[in-house]
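Heads up: the structure comes next, in structure tokens.
Proteins come first, then strands; the chains are lettered A, B, ... in the order of their sequence lines, and each starts at number 1.
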Number of protein chains: 2
Amino acid sequence: MDKNLKRMTTMHRMQTKGLELFYKKGFYNTSIDDILKELSLSKGAFYYHFQSKEDFFISIIQNLVVRKVYGMLIEPIEGETDPFTAIEKCFENALAIAEHNELDYGFVLGNFMNEFNGRNEEISKYLRDIYKVWEVNLVTTLQKGKTDGYVARHVDSEGVAAFLISSYMGIRMLMVEGNSRNLSYHFLQQIRQYMKSLAQTRLV
Amino acid sequence: MDKNLKRMTTMHRMQTKGLELFYKKGFYNTSIDDILKELSLSKGAFYYHFQSKEDFFISIIQNLVVRKVYGMLIEPIEGETDPFTAIEKCFENALAIAEHNELDYGFVLGNFMNEFNGRNEEISKYLRDIYKVWEVNLVTTLQKGKTDGYVARHVDSEGVAAFLISSYMGIRMLMVEGNSRNLSYHFLQQIRQYMKSLAQTRLV
DNA sequence: AAAATTACCGACCAAGTGGTCGGTTCAAAA
DNA sequence: TTTTGAACCGACCACTTGGTCGGTAATTTT
């Protein structure tokens, strides 16, 4: 267990830095040497721990991306009874993090889905699976919201889920350079407007 | 003029094939040789017409992307008096084209903005300019829609424009593999719902 | 203390990359 | 017919890429 610690530490350092650079510069446009240079490690160390660049990336998905998407975008909505409020808070939080230039894993997901689509089927599958869990979770919460009287009954939960995710990824795509604060404000405003039109009208 | 024709033909062939491959595999992940091989042309021919790979890409933006975005996404909305109907038709058409695997220039734009962001400031600027024209045009049309009684007066035109574009790009990001038909149907349904909530309630 | 295993080093390799350059083809101008 | 120049060819260059491999230092196991 003690010797496993060293192994884990080094692997984790590589994965963290790897994700940072892959996200910033793209997977195909980031060399292993780029990562190794920043960590002052050698090729030998890398290929001792990972079989290939692809294998390395898959380990990043499984160890970092999956968990973060869960923590940031799935769990905060999961148990909640009022779906629209939960979703609003969740997006608000995620966009705030994105503004501070930290990794926003919702968009990390979309970003990589985009880069690997049609180029690497295996990796694409891993990413799509995460997306699907996210989507299913949203649908479930929305459906439950109907029984609890928060969501209008005519609402197409699957359509709404797909639309929410896609608009979120879209706004993140446009949130570059300086206008990101302005954009995320606009986005949250409009998402509220949209969700309001889907809410069950309460009879008082 | 006659000899200019040959020049133009070759350049256009390179640009068309270049856009196709850059879009499919990414700019940095597509070599000039990849393009040349498919056209049975040589390096010499390429560097006779273009100064560099970057210069080549800029010419593609100016000659293909700009015009197509105008034709597909800006002009169809520009003159219309009823903004929401025009936008709906426009998106419907663009998504139908995307489904048939043809180049969808709205997303081409987003795709490249994403790839070049933080990596090539010059190219990013060209792309952002196109985006801005699109946005401004939407805002203008929405504002006019207020005077004409189609758009509710409380609506924040800039917010709506940003939201429409981002959700469009987002849905295109997710429209991969087989479920694209389903997704685009959902998207159009939800976009209608959203826009309905922004429409001026007509007094009959 | 000796042996074995883990973690890491860095020179090396084949296959590309963007870009250069001296040369060739061929239609139009002289 | 000769000359000229635009359009194109392809060998070549310096450099980077993912990946290999023989070696070594340090730590555990025996």
Point to revise | Counterpart residues, salt bridge (charged side-chain N to carboxylate O under 4.0 Å, His left out), relative to B/E135 (two or more places apart) | key: none
Point to revise | Qualifying side chain to side chain donor-acceptor pair (under 3.5 Å) pairs, either residue in residues 158-169 of chain B, two or more places apart | key: B/D104-B/Y168
Review point. Base, backbone or nothing for each nucleotide of nucleotides 12-26 of chain D, written B, S, -, heavy atoms under 4.0 angstrom, 5' to 3'?
Key: -----SBBB------
Exercise for review: Look at A/R7 and C/dA7 and indicate whether a side-chain polar atom (N or O) is within less than 4.0 Å of OP1 or OP2.
Suggested key: yes
Practice item. Would you indicate, yes or no, if C/dC8 has its OP1 or OP2 atom less than 4.0 angstrom from a side-chain nitrogen or oxygen of A/Y48? Key: no
Quiz: residues 68-79 of chain B side-chain donor-acceptor pairs under 3.5 angstrom, not counting sequence neighbours:
| from | atom 1 | to | atom 2 | distance (Å) |
| --- | --- | --- | --- | --- |
| B/E78 | OE2 | B/N137 | ND2 | 3.3 |

Review point. Rounded to whole angstrom units, what separation is found between the NZ atom of B/K25 and the P atom of C/dT17?
Key: 8 Å
Exercise for review: Calculate the interatomic distance between B/M8 atom CE and D/dA6 atom C1'; express it in whole Å.
Suggested key: 14 Å
Review point. Parallel, tilted or perpendicular: which fits the ring planes of B/Y23 and B/F112, with parallel below 30° and perpendicular above 60°?
Key: perpendicular
**Study point:** Where at least one partner belongs to residues 38-64 of chain B, residue pairs that pass salt bridge (Lys or Arg N to Asp or Glu O under 4.0 Å), sequence neighbours excluded
**Key:** B/K17-B/E38, B/D33-B/K43
Point to revise | Protein-nucleotide distance (A/R13, atom CZ; C/dC8, atom P), rounded to Å | key: 9 Å
Exercise for review: Round to the nearest Å and state the distance from B/I35 atom CD1 to C/dG19 atom P.
Suggested key: 12 Å
Practice item. Taking side chain to side chain donor-acceptor pair (under 3.5 Å) as the test, write out the residues that go with A/D34, two or more places apart. Key: A/K25, A/S31
Practice item. In whole angstrom, give the distance that lies between atom CG of B/D55 and atom P of C/dG18. Key: 14 Å
Review point. Any side-chain N or O of B/H49 less than 4.0 Å from the OP1 or OP2 oxygen of D/dA6?
Key: no
